[in-house]
Amino acid sequence: MFKIRLPDDSVREVAPGATPADIAAAIGPGLAKAALAARVDGEVRDIMRPFDGDADLALITAKDEADALELVRHDYAHVMAEAVQSLFPGTQITFGPATDDGFYYDFAAPESRGPFTEDDLPAIEEEMRRIIKADKPLVREEWTRNRLIQWFRDKGETFKAEWAEELPEGEALTVYHSGAPGADGSWLDLCRGPHLASTGKLDPAAFKLTRVSGAYWRGDQANAQLSRIYGTGWLNKKQLKAHLLRLEEAAKRDHRKLGQEMDLFHLQAEAHGSVFWHPNGYMIWRELEAYMRRRMDSAGYREIKTPQVMDVRQWEQSGHWGKYAENMFAVPDIVPDGEDKAPAVAKDADWMAIKPMNCPAHVLVFKQGITSYRDLPIRLGEMGCCHRNEPHGALHGLMRVRQFTQDDAHIFCTEAQVVEEVRAFCELAERVYKDFGFTYSIKLALRPEKRFGSDADWDKAEDELRNAVVEAGMATEEYGWEELPGEGAFYAPKLEWHLTDAIGRTWQVGTIQSDRVLPERLDASYIGEDGEKHRPIMLHRAIYGSYERFIGILIENHAGRMPVWLAPVQAVVATIVSDADTYAEKVAERLKNLGLRVDTDLRNEKINYKVREHSLAKVPYLLVVGKREADEGTVAVRRLGADKHQRVITLEEIEVELTGEAKAPDLRR
RNA sequence: GCUGCCGUAGCUCAGUGGUAGAGCACACCCUUGGUAAGGGUGAGGCCGAGAGUUCGAUCCUCUCCGGCAGCACCA
């Protein structure tokens with residue numbers, strides 16, 4: 001007999017061969033029905049899998065949402081794979097995991113038919129519902145590796161066979177049958193599990209196939225491209241509907257859509273991946289830039305400006321040409337003759353390259369003259385405009401562009417100063433992100449495979465970054481502290497700041513990198529206390545990351561309703577009747593004289609129309625004036641996002657209110 | 001860059017193998033109206049670019065450019 005202990009510490013004895021399902025049934029029919037799987041000694045297992053000895057048992061039901069969702073999504077993936085193979089014979093299966101909101105499965109579609117398209121989805125959904133309603137038992141079996149390989153080879157499943165061949169020899173491998181093994185219509189996949197007891201445990205109305213795409217076999221671009229089908233899956237219909245609603249809400253915040261509606265910027269084919277900033281959008285930029293200048297000035301940075309284009313030899317020396325050339329724009333140093341649209345370039349032409357990063361130029365500034373250890377640390381900042389030739393498929397609105405401006409800076413310091421500089425940067429970053437109301441997490445990206453520099457240097461650099469965060473007290477769960485092996489830049493490990501926006505998405509923005517390679521390659525040095533030359537360490541750092549991306553994040557985070565200090569137009573004075581025109585202009589004039597961005601709307605339109613238009617334009621303050629306000633020297637205030645309730649206040653009062661709200665966070669008292 | 005889908009008026013989108021339509025926006029006229037669309041009239045399009053099939057292409061085929069969703073790559 002096995003002793004099975006339940007969460008309430010009661011113990012039940014069962015005969016060998018008994019399963020968690022038996023215990024659930026013994027406790028009650030309600031639980032037997034609700035139980036989806038079992039946690040046995042902490043491990044999630046099939047509810048029909050017999051105990052192998054004494055165990056602690058907790059039954060998993062829909063109430064254990066995280067576990068339940070993971071199980072259900074994994075099962076949807078398998079049901080989808082079964083459905084696809086039944087509808088499209090000749091399709092090979094590969095892998096299909098659960099994701100954050102659903103599942104996907106990668107298939108090798110039959111060559112004769114080509115990859116799946118969205119038109120295939122309704123039929124697949126229908127077939128999935130049929131399989132779910134058939135309530136097929138999901139049966140676990142242990143197979144040897146050879147049996148597996150043979151099985152998949154016989155079926156023509158080359159991907160699965162390849163995978164099975166790499167699995168460890170002696171270990172028993174699990175397969176799951178959908179339907180009794182050997183029975184008509186039974187289907188099989190290699191899978192670690194666990195699974196629900198049967199397909200009927202899934203809700204046929206709680207999933208939806210959402211899209212198709214390509215995906216590389218084993219995530220490697222060098223491998224075959226598979227056809228991936230994505231779905232979202234939930235425990236019940238209500239959850240599915242809520243999820244679809246969340247997607248709609250997110251779509252409404254899309255910065256590309258809002259950017260057009262609010263006339264902030266545009267993109268067009270002739271400069272694809274580079275932003276045309278309109279006056280409204282550039283006003284946000286200017287405020288951000290002014291704010292960051294103040295923050296950096298007071299943190300001891302000095303701002304510089306360096307060339308956009310430098311001789312390729314310089315990029316060769318810095319190492320960028322070797323490691324980064326595929327992302328760089330190069331220009332021949334020639335004079336076009338004006339006759340050919342695209343002049344021929346001689347083989348021996350000199351080449352220049354547009355900067356993809358600011359760092360080499362900053363080293364060149366550092367190298368002018370002789371630097372004493374007494375001068376360190378030297379913090380050189382630049383609002384540096386960089387160009388990177390990104391893969392076309394990666395471009396995305398403001399978030400991923402080919403021309404962007406960084407709030408960049410490089411700190412040159414001694415080894416002894418690194419930890420303190422990084423720690424100070426952690427605090428500066430925290431102040432900035434708090435001013436914008438963001439929460440964030442900090443990650444340490446460790447050495448990648450393709451890299452410069454010795455392992456000893458990487459050891460030191462990684463330790464320094466880690467220690468600095470520890471000293472700042474931020475290497476904690478609260479700050480989402482995590483280390484990411486292999487994710488560093490080719491020249492240095494990186495600390496990364498990931499912002500979480502208003503709807504829970506994360507974006508990498510800030511970074512600091514400790515670099516020993518570039519000072520070496522470009523021969524930067526300072527004179528130490530001992531009168532000898534020494535290599536400085538160079539810290540690359542940014543807080544916004546890029547203005548483009550940061551503005552994109554701000555737009556989505558606020559759904560376009562920017563805080564007053566960032567709003568391109570902070571207030572509109574709108575008239576009800578033309579008799580109030582003069583007064584409206586006077587109001588606007590007074591507010592403008594206080595440095596506020598104010599427009600008037602004197603058009604021959606009804607107030608309803610004006611309210612609607614300026615609300616949609618996300619203007620934070622609408623000041624409505626009619627005869628009454630003109631007579632009394634007041635304005636009727638309509639604050640964007642506040643309830644309908646309106647306030648009528650004096651001109652003096654609105655001046656105080658607006659100037660208060662329009663102050664940048666670092667200037668408030 | 002790879003896979004799939006898409007490209008028609010400033011914007012959002014219908015549509016057809018015989019060179020085009022709606023709503024909003026825009027212009028003009030009427031309307032002076034108290035908090036999310038007052039009414040009328042009008043102007044506006046090389047139907048992404050190039051080649052092919054066809055008597056004839058916005059529509060069919062191919063190539064290219066761009067966009068979208070993933071993948072891969074990244075601030």
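Throughout, protein chains are lettered first and strands after them, A, B, ... in sequence-line order, and every chain is numbered starting at 1.
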Closest-nucleotide ordering on RNA chain B, the 5'-leading residue of A:Ser227 and A:Gly219 = A:Ser227

5′-ward residue of the pair A:Met399/A:Leu267 relative to RNA chain B = A:Leu267

Side-chain donor-acceptor pair under 3.5 Å between A:Tyr479 and A:Glu430, yes or no?
-> yes

For [N], does OP1 or OP2 lie under 4.0 Å from any side-chain N or O of [X]?
{"X": "A:Tyr230", "N": "B:rC71", "result": "yes"}
{"X": "A:Tyr609", "N": "B:rU32", "result": "no"}
{"X": "A:His396", "N": "B:rA69", "result": "yes"}
{"X": "A:Arg256", "N": "B:rA69", "result": "yes"}
{"X": "A:Lys494", "N": "B:rA75", "result": "yes"}
{"X": "A:Gln268", "N": "B:rG67", "result": "no"}
{"X": "A:Asn608", "N": "B:rA37", "result": "no"}

When both hydrogen-bonding distances must be under 3.5 Å and the geometry is Watson-Crick or G-U wobble, what is [N] paired with, if anything?
{"N": "B:rG18", "answer": "B:rC55"}
{"N": "B:rU35", "answer": "none"}
{"N": "B:rC64", "answer": "B:rG48"}

Salt bridge flag under 4.0 Å for residues [X] and [Y]:
{"X": "A:Arg286", "Y": "A:Glu289", "result": "no"}
{"X": "A:Arg647", "Y": "A:Glu653", "result": "no"}
{"X": "A:Glu118", "Y": "A:Arg211", "result": "no"}

Indicate, yes or no, whether a donor-acceptor pair under 3.5 Å links the base of [N] to the side chain of [X].
{"X": "A:Arg612", "N": "B:rA37", "answer": "yes"}
{"X": "A:Tyr216", "N": "B:rG1", "answer": "yes"}
{"X": "A:Glu629", "N": "B:rG34", "answer": "yes"}

Using the P atom in both, what is the distance from B:rU19 to B:rC62, to the nearest Å?
->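 Their P atoms lie roughly 26 Å apart.
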
d(CG, A:Asp106; C1', B:rA72) in whole Å =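 From A:Asp106 CG to B:rA72 C1': 13 Å.
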
Base, sugar-phosphate alone, or nothing: which one does A:Pro115 contact when heavy atoms must sit under 4.0 Å apart?
-> sugar-phosphate

Of A:Arg505, A:Arg253, A:Arg256, A:Lys257, which meets salt bridge (Lys or Arg N to Asp or Glu O under 4.0 Å) against A:Glu556?
-> A:Arg505

Identify which nucleotide among B:rG34, B:rA72, B:rA75 has an atom closest to any side-chain atom of A:Glu390, counting heavy atoms from C-beta outward.
-> B:rA75

